[in-house]
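Here the structure comes first, spelled out in structure tokens, and everything after it is commentary.
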Number of protein chains: 2
Amino acid sequence: MQDYPTQTFPAPKRETPLGGAHAAPGAGLLFLREEELRLAQDMLFFAMRDLNAAPDEILAELGFGRAHHRCLHWVARRPGLKVGELLAILGITKQSLTRVLGPLIGEGYIAQAPGQQDRRQRLLTLTEKGQALERRLYSVQRERLVVAYREAGGPAVDGFKRVLRGLMNKQGRDYVDGLEHRAQKAPRAGA
Amino acid sequence: MQDYPTQTFPAPKRETPLGGAHAAPGAGLLFLREEELRLAQDMLFFAMRDLNAAPDEILAELGFGRAHHRCLHWVARRPGLKVGELLAILGITKQSLTRVLGPLIGEGYIAQAPGQQDRRQRLLTLTEKGQALERRLYSVQRERLVVAYREAGGPAVDGFKRVLRGLMNKQGRDYVDGLEHRAQKAPRAGA
DNA sequence: CGCATAAGTCAGTCATACTGCCATAACACG
DNA sequence: CGTGTTATGGCAGTATGACTGACTTATGCG
């Protein structure tokens, strides 16, 4: 892993000579100003960088990378996932997936089973070893998520999810909507 | 770029045999249940994947990648940024940065100028060409952000930022707090 | 003057993506 | 039953973005 300095670099300059371009669209919708959208980019960058740092360390010890984490995560989330479905979720090519999935299967983290209706399919599940690793990776991210969620509070979490949902394509929305439906919770993101 | 199918894969299984582990921590804090935190991971994955898709296409045409986008973004955000500061933000090594920054400077997207107080420093700024590209990249992400923000509404955006802030390390928080302070807005995330 | 700092550079490695092409097994339909 | 399609797996080659370690140059500072 990489130990980038925790150094607090000097406060931002804010001389951006671009500030006035699409600056104030709706007056009432201040959160649509350029500066707010730029801030969203900044924050997403920092959040993803810092959220992935801890899992990356664990993965590096085992000779794995983020791609392996993504595989483990999605197989954990959807046991019995087909290879083709995993490809559609990850948005990578079959060959790229093979190089990640191969070692995970070879080292006994993920198991394959032929589909019952369609025996061409290889349904993916986590072995006990795979579950152990995936839970370990989850739990270090969990710590950070719990702190952030608890500090922010329920309504903020709700807003967080509403915005994230809006950033996704239909595929992702269908997935999360399906989850919420199954969980029979109060619908929070009105389609 | 990659054209993953918009295919809506079948609804999730939800047989996860792990559901009961840390399932219900606080009763009143339902958003801290395992399923909620897993959902956060899912949604962040989809949101980042889909938010980056459009810029990736533009970058690919020019022979660049996401790393170049990150450079352009941060130089746009903080004109006159020092190389060392950029390294601290990106969290990569000098050598990795060189390979990204080199072509951007060589092809005239980013310019360097010696620091006035300290002439060892190379202060980074966007050239006009660089500004044009960066704004093009920004604007395609902007579309998606605007839709998400507008659909979600102001309070949701506020919650979105609160949670993201909680996911960051101190470095990022100092940065965004500095921005908010400079913008003299009502403080929303109590430190 | 001597050490520290900011930045650049060289050489080698690794992980993760890509493309194109081919193989195998199983399903599906006329 | 045969042909075409689908699901998966594999090989060869390439590019990007990350890494480590060691070295150089220019500058700042005590």
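Letters go in sequence order (proteins before strands), and every chain restarts at 1.
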C:dG8 C1' sits how many Å from B:Leu86 CG, rounded? 15 Å

What is the distance, rounded to the nearest whole Å, between atom CZ of B:Arg122 and atom C1' of C:dT9? 13 Å

Send over the distance from B:Asp56 CG to C:dT16 C1', rounded to a whole Å. 14 Å

Could you state the atom-to-atom distance from CG of B:Leu87 to P of C:dA7 in whole Å? 8 Å

Using the closest heavy atom to pick a nucleotide of DNA chain D for each, name whichever of B:Leu97 or A:Gln121 lands nearer the 5' end. A:Gln121

Sidechain-backbone polar pair: A:Asp50 side chain, B:Asn169 backbone, donor-acceptor under 3.5 Å: yes

Starting at atom CD of A:Glu57, determine the distance to atom P of D:dC19, rounded to an integer number of angstrom. 13 Å

Compile the donor-acceptor pairs under 3.5 Å between side chains in residues 96-114 of chain A and protein atoms, sequence neighbours left out, one pair per line.
residue : atom : partner : partner atom : Å
A:Ser96 : OG   : A:Thr93 : OG1          : 3.0
A:Thr98 : OG1  : A:Lys94 : O            : 2.7

Give me the residues of residues 111-120 of chain B where at least one heavy atom lies under 4.0 Å from an atom of DNA chain D, by number, or none. B:Gln117, B:Asp118, B:Arg119, B:Arg120

B:Ser96 or A:Leu123, whichever maps to the more 5' nucleotide of DNA chain D: A:Leu123

Taking all atoms of both residues into account, what is the closest heavy-atom pair of A:Leu72 and A:Leu133, and its distance? CD1-CD2, 3.7 Å

Provide, to the nearest angstrom, the distance between the CG atom belonging to B:Leu124 and the P atom belonging to C:dA6. 14 Å

Considering all heavy atoms, the nearest A:Arg77-B:Glu35 contact: NH1-OE1, 3.1 Å

Please step through salt bridge (Lys or Arg N to Asp or Glu O under 4.0 Å) for the pair B:Glu34 and A:Arg135, ending with a clear verdict. CA-CA 11 Å; B:Glu34 165 139 354; A:Arg135 282 207 73 76; 3.0 Å; yes

Please assess B:Arg142 against A:Gln41 for the test side chain to side chain contact (heavy atoms under 4.5 Å, CB included), listing each intermediate value before the final yes or no. CA-CA 9 Å; B:Arg142 177 182 179 277; A:Gln41 293 180 306; over 6 Å; no

Any sub-3.5 Å donor-acceptor pair from A:Arg173's side-chain atoms to A:Gly166's backbone N or O? yes

Collect all protein-nucleotide pairs involving nucleotides 10-16 of chain D in which both atoms are nitrogen or oxygen and the distance is under 3.5 Å.
residue : atom : partner : partner atom : Å
D:dG10  : O6   : A:Gln95 : NE2          : 2.6

Figure out the NZ/C1' separation between B:Lys82 and D:dA26, and round it to whole Å. 16 Å

Main chain of B:Gln117, side chain of B:Arg119: is a donor-acceptor contact present, judged purely on distance under 3.5 Å? no

Please work out whether the ring planes of B:Phe160 and B:Tyr149 are parallel, tilted or perpendicular, with thresholds of 30° and 60°. perpendicular

Calculate the interatomic distance between B:Ile92 atom CD1 and D:dC19 atom P; express it in whole Å. 6 Å

